[in-house]
Amino acid sequence: MASQPAATSIEHAKRVDRLLGQPPWRRFLRAWWLGLRIVKVTLRSQAEYRGEFITTILTGIVWQSSIIVFATVILTRFSGMGHWRSGDVLLIAAVRMLGHGLYVLAFGRVPFDVFNLIQEGSMTGFLLRPMPVYRQVQLSKFPTNAIGDLAVAIFLLIAAMTRSTVHWTLPNIAYLICAVLGGMFVISAISTALSSAAMHYPATGYWSSWTHELIETFGAYPLSILPRAVGGLLTFGLPLAFISYLPVGVLAGHSHQLGVPKWLAVASPLVGLLLFVASRLQWNRSLRRFAGVNG
Amino acid sequence: MTATSAWPRAWRVARITPLGELSTPPRLTATAIRLAVQIFLRVALWRGLYATTTTSAGLSRSQTVTFVVLATLSARVRVMDRYVGRDAVVQHLQFGTIAYWYLRPIEARKYHAIRALGDQLYGLGWMIVGYVICRLVGVLDGPASPTAAVAFGASALAGQLVFYRISLLTDLACFWTLRNNGAVMVVNMAQNLLAGIYAPLWFFPQWFRTMAAILPFQYTLNSPLSLYIGRIPAADGLRVIGVQLGWLAGLTILTRWLWTRVPARLTVQGG
């Protein structure tokens, strides 16, 4: 910066050199420490608007509760949904919901906040700072609604586990944890891919709310109740089935009727991770070609 | 302001959203695809649910599918994306451009109402096109009777006005809270659940329907659509419309009073 005094520039350069000279684990810890400090600041800024802060927490609770109410109504009125027991259907909804809650907590600023950041020109500023842009995007706002999302999701998961036909042995519990994390990665991958597209096509925002609506509406039921072609589209077109339907199908013993080979259904959490890695690579590629808006 | 100059001005305000939408063909294509896929998937879901039964909660398969398709089309009338055009009240407050609302030769209250009217008429266009196509492909039944059709028309209009007043409340709240994203989302979700966009309220337990009956949301959609499919007899149409008009009167008085308080609360940020 031209107006910066020379002494300050040298001091800054020395600090950067010292940081780069540190072992990777120290740099990793420093990055986390800095991230947590930013989270603290964004939490304070969100809490500044008290009414909005409380209603945003309520949003998560109301939204997830409405999905539970709807799923419960459907299960009560229509028994044997796609030959699944109601407890197992609830488990599909619970795994999706917890995966979604974790996504909101860790990666929830993609895609919706990215549209605003691009439109307002903030993304261009992010390119100049010494921190990965993806991390800056995630740290740009405290995920207040994740509090409500996670609270309801944990409640539903416990309720679903007690009603499900699955025997909760240690391997099954371990697989359930992997399934939840896999679900989080699939939703994050879809959102990251949409954000990458938004760097070049502003109309992507319009598609994103619809994609999330699809995930929330159809991610909570066995896809076997839909026509086979539609189920295939929601597995290989939009990878919605990998969020919770396939892994819960494996746990509940429906592996033979999931519409995919058993090994693929079992590997759903890994598929989620791979999709996320692919979406991050696409994000990096899009970022290199990002020309910004607003001049 | 004379009546002759007021009408062209109102027309220019009302057509902002339609012109914006019509000048961006990708948005039109996206809307068409989105509506088609949404209807297709919802019809598939409900037909799948009815695979082992013919009637549930007093609704046949065709009644439920008709209700769900009409609810999906109606949602199009309701939700207009003002955010992308930076014309949401919360954005105007954030950017300071809300000041223009009080500098124009049209009252802010009237500007808001006329803009909303334009939005909803544009959405109605989509709904009518969707309705005709769905009738032609056979996923949608006609109204239960000619009387039911008339009752539905009157009730749908009253319901849409109630819906506008509820949305206006969330916008007006913004003048006090500066941000209303959370409030808008909570109201939208309550609206989706309690108005019957997710599923007809007839499927819900009695305690839930009792709760819904004391709130205005179900009168915006569930009641008109129930008249259309005949789940509420057409003879009860007047009672339903009476309740809607009661809600409309109450909400209109409240929002008119809030509009009078807004200038004292107005904070112009930015510059």
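Proteins come first, then strands; the chains are lettered A, B, ... in the order of their sequence lines, and each starts at number 1.
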- Query: Which answer fits Leu49(B), side chain, backbone, both or neither, if we ask what part of it has an atom under 4.5 Å from a heavy atom of chain A?
  - Reply: both
- Query: When you look at Phe40(B) and Leu226(A), which way does the side chain to side chain contact (heavy atoms under 4.5 Å, CB included) test go after all the steps?
  - Reply: CA-CA 10 Å; Phe40(B) 175 75; Leu226(A) 297 172; over 6 Å; no
- Item | Best-contacting candidate, Val73(A), Thr56(A), Val230(A), against chain B by heavy atom pairs under 4.5 angstrom | Val73(A)
- Measure Asn116(A) against the heavy atoms of chain B and call it side chain, backbone, both or neither at under 4.5 Å. side chain
- Message: Report, in residue-number order, which members of residues 58-72 of chain B are under 4.5 Å from chain A by heavy-atom distance.
- Response: none
- Asn192(B), Val37(B), Val187(B): which one forms the most heavy-atom pairs within less than 4.5 Å of chain A? Val37(B)
- Proximal component of Phe115(A), with respect to chain B [non-hydrogen, under 4.5 Å]: neither
- Message: Students often mix this up, so state it plainly: with edges at 30° and 60°, are the rings of Tyr50(B) and Phe78(A) parallel, tilted or perpendicular?
- Response: perpendicular
- Task: Side-chain contact test, heavy atoms from C-beta onward, threshold under 4.5 Å: evaluate it for Trp210(A) versus Leu35(B) and give yes or no.
- Result: no
- Evaluate whether atom CZ of Phe155(A) has more than 12 neighbouring non-hydrogen atoms of other residues, nucleotides or ligands under 6.0 angstrom away. no
- Heavy-atom distance under 4.5 Å to chain A: side chain of Trp46(B), backbone, both or neither? side chain
- Query: With a 4.5 angstrom heavy-atom cut-off, which part of Trp207(A) approaches chain B: side chain, backbone, both or neither?
  - Reply: side chain
- Item | Nearest-0.5 Å distance, CG of residue Leu45(B) to OH of residue Tyr221(A) | 6.5 Å
- Note on the structure: When the 4.5 angstrom heavy-atom criterion is applied to Ile61(A) and chain B, the contacting part is neither
- Query: Which value, rounded to the nearest 0.5 Å, describes the distance between Ile225(A) atom CD1 and Arg47(B) atom CZ?
  - Reply: 13.5 Å
- Item | Over 12 foreign heavy atoms within 6.0 Å of CD, Glu48(A) | no
- Query: Of the backbone (N, CA, C, O) and the side chain (C-beta and beyond), which part of Leu193(B) lies under 4.5 Å from a heavy atom of chain A, both, or neither?
  - Reply: side chain
- Task: Step through the shown structure and confirm whether more than 12 heavy atoms of other residues, nucleotides or ligands are within 6.0 Å of CZ on Phe236(A).
- Result: yes
- Let me know if Leu194(B) has heavy atoms under 4.5 Å from chain A in its side chain, its backbone, both or neither. neither
- Query: What part of Ile54(A) gets closer than 4.5 Å to chain B, counting heavy atoms only: side chain, backbone, both or neither?
  - Reply: neither
- How many angstroms lie between OG1 in Thr76(A) and CZ in Phe204(B), if you round to the nearest 0.5 Å? 10.0 Å
- Query: Taking everything shown except Arg163(A) itself, do over 12 heavy atoms lie less than 6.0 Å from its CZ?
  - Reply: no
- Item | Approximate separation, where rounding is to 0.5 Å, of Tyr198(B) OH and Glu216(A) CD | 7.5 Å
- Is it the side chain or the backbone of Thr177(B) that comes within 4.5 Å of chain A heavy atoms, both, or neither? backbone
